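For reference, the structure discussed in these notes is given below.
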Amino acid sequence: MKVIYRNGEVKEGNFEESWAKEAFWHTTAHILAQAVKRLWPDTKCAIGPAISQGFYYDFAFSFPFGEEHLRQAEEEMQKIVKESLTIQVNVVNKKKAAAYMRERKEDYKLELIDDLPEEETISFYKQGEYVEFCAGPHISNTCHIKAIKLLSIAGAYWRGDEKKQMLTRIYGISFPKASDLEKHLNLLEEMKLRDHRKLGKELALFTIMKQGPGFPVFLPKGMILKNILIDYWRKLHQREGYLEISTPMMMERTLWETSGHWEHYRENMYATVIDDVDFAIKPMSCPGGMLVYQMQPRSYRELPMRLGELGTVHRHEKSGQLHGLMRVRAFMQDDAHIFMTKEQMIPEIQKVAGLIDEVYSKFGFSYMVELSTRPENSIGSEEEWEEATAALQNAMEAIHVPFCINEGDDAFYGPKLDFHLKDSIGRTWQCGTIQLDFQLPQRFGAEYIGADGVAHRPIMIHRVIYGSIERFIGILIEHYAGNFPLWLSPVQVKVLPIAERFNAYAKEIMNVLSNIGIRCELDDKAEKIGFKIREAQLDKVPYMVIVGQKEADSGEISVRKREDGDIGSMKVQSFIELLQKDGEGY
């Protein structure tokens with residue numbers, strides 16, 4: 001498969017390579033636009049990029065676009081593929097590009113061109129009769145696309161601005177082999193079954209009220225799960241010498257100006273005025289951690305100082321971007337900030353990497369690491385960024401952790417390592433981060449007195465492991481499909497009496513288990529035992545204890561396991577030992 005660039009360069013690629021896959025999906029987006037223009041010529045085209053799983057294209061239709069139109073567009077795309085159209089590229093100046101789009105009344109394309117610098121050269125990609133203003137690259141011929149599926153329709157504001165026109169966004173996927181499409185569609189079905197929003201409702205873990213879009217409400221069982229994660233976090237961080245703090249939810253604007261957030265992150269912050277002073281609700285906990293560090297003079301003997309904070313942060317996400325627990329406006333971040341000397345940088349980075357590895361292994365995740373480098377809107381000198389980037393690279397190489405480079409995709413104050421975990425069905429999620437920061441200590445004037453008696457500037461690590469606890473719970477729900485391991489399950493055991501006359505014995509069993517910390521529920525409804533078992537299975541409870549006449553007479557219990565069904569009768573103590581073995585390690 002050949003990929004053609006805007007300068008005419010042609011490069012041989014394989015669909016498994018990310019850059020070639022992106023060109024493949026980008027070309028398919030153009031095929032979608034070509035099909036739409038053939039079928040409904042007065043439609044206006046907006047943008048159509050490749051995304052992580054396929055592509056989308058935004059259109060302004062003159063009619064309500066529905067599922068029947070989606071199938072028509074897909075059929076037309078398949079015809080275009082069979083035409084084996086060669087993709088050609090042509091570069092023109094801005095004036096010619098604008099004139100071309102104006103002639104075709106492509107208002108959205110014209111707006112994009114108008115925003116470009118006057119000296120900009122603009123590339124057009126042509127396939128058959130369709131010509132698209134685009135930076136590319138694209139595959140060289142439509143014939144390489146053997147399987148296409150248009151998946152869904154959504155609304156999308158032009159340029160993501162809620163004040164602008166709502167467009168119709170069409171999502172799709174394509175592959176060079178039909179078998180790959182079949183696998184992908186099977187995966188999508190599996191994803192629907194695992195959807196954390198669906199399971200979160202069925203398992204009564206969380207909800208999001210219409211009165212608070214983007215602000216999750218954890219229900220009692222969800223709070224148990226959240227608190228288990230918090231307790232686990234605290235246990236590990238106490239072991240590793242972290243000191244837990246809690247900083248204010250809201251602080252003065254001057255703090256955020258000093259940190260750089262007011263300049264670089266203002267649009268994502270919630271602000272208010274108190275006593276004629278501007279305040280902002282924190283989108284990140286790091287400036288508060290910096291204030292704690294500066295409360296008193298510090299000595300090199302206190303370093304590294306590891307401050308951990310389970311802080312709730314608020315970020316203004318657009319309504320169209322909200323998605324269950326995965327994208328919210330308020331979440332708890334398992335933040336920590338490490339203040340250290342330059343000599344301590346590499347060992348501290350490695351310790352954090354080891355802690356992240358321990359946590360992800362606990363949940364059965366594998367992961368990959370990505371090193372993000374300096375973005376355009378960064379603060380600090382080039383030399384400092386190079387030193388920080390080299391420290392992250394050297395730390396990972398020394399402990400033989402492979403990583404890839406993500407050029408220019410960093411936060412504004414320092415390079416970072418992003419940990420992308422892989423779930424049970426192969427999807428990746430960015431969660432853990434280790435960011436090395438020379439800038440905030442400088443902006444706040446942080447110091448420590450070295451062994452030489454002279455003031456020095458500390459270096460700072462920003463790091464998270466869960467990232468957002470809310471999002472991590474969403475990932476866990478989908479990773480386990482709601483079938484949490486025993487130690488994580490909000491309800492570990494359901495006690496099911498066969499009839500009402502056995503309720504007293506069932507309560508005795510439940511009290512014994514509850515008194516040693518096992519999370520139990522008693523189902524004493526006046527229902528048949530088969531109904532109770534089915535309900536417990538739907539609730540995905542790891543163990544069921546069934547008691548009737550036989551169990552009451554023998555002083556034993558009958559046990560069912562979620563995955564294995566009936567595992568026989570046993571004494572309560574034997575069952576406790578089974579639970580302790582199944583849930584060991586936490």
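In this text the structure is predicted, and so the values were computed from the model without any measurement.
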Taking the six-membered ring for Trp, are the ring centroids of His26 and Phe55 within less than 6.0 Å of each other?
no

Looking at Trp487 versus Tyr232, is the centre-to-centre ring distance below 6.0 Å?
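Under 6.0 Å, so yes.
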
Kindly say whether [Y] contributes a backbone atom to a donor-acceptor pair with the side chain of [X] at under 3.5 angstrom?
X	Y	answer
Gln333	Val464	no
Glu106	Cys45	yes
Lys44	Lys105	yes
Tyr265	Arg315	no

Under 4.0 Å between a Lys/Arg side-chain N and an Asp/Glu carboxylate O for [X] and [Y]?
X	Y	value
Glu118	Lys95	no
Lys163	Asp161	no
Lys94	Glu119	no
Lys11	Glu17	no
Arg327	Glu317	yes
Lys416	Asp418	yes
Lys362	Glu358	no
Arg329	Glu470	no
Asp58	Arg159	no

Arg306 pairs by side chain to side chain donor-acceptor pair (under 3.5 Å) with which of Glu244, His237, Glu348?
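Per the side chain to side chain donor-acceptor pair (under 3.5 Å) rule, the option paired with Arg306 is Glu348, out of Glu244, His237, Glu348.
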
How far apart are the C-alpha atoms of Tyr367 and Phe365, what are their side-chain angles, what is the distance that settles it, and do they pass the ring-ring contact (aromatic ring centres under 6.0 Å, His included) test?
CA-CA 6 Å; Tyr367 60 88; Phe365 292 123; 9.7 Å; no

Val359 and Tyr466, any side-chain heavy atoms less than 4.5 Å apart:
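Side-chain contact under 4.5 Å: yes.
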
Cation over ring face, Arg169 and Tyr56, 6.0 Å, 45°
yes

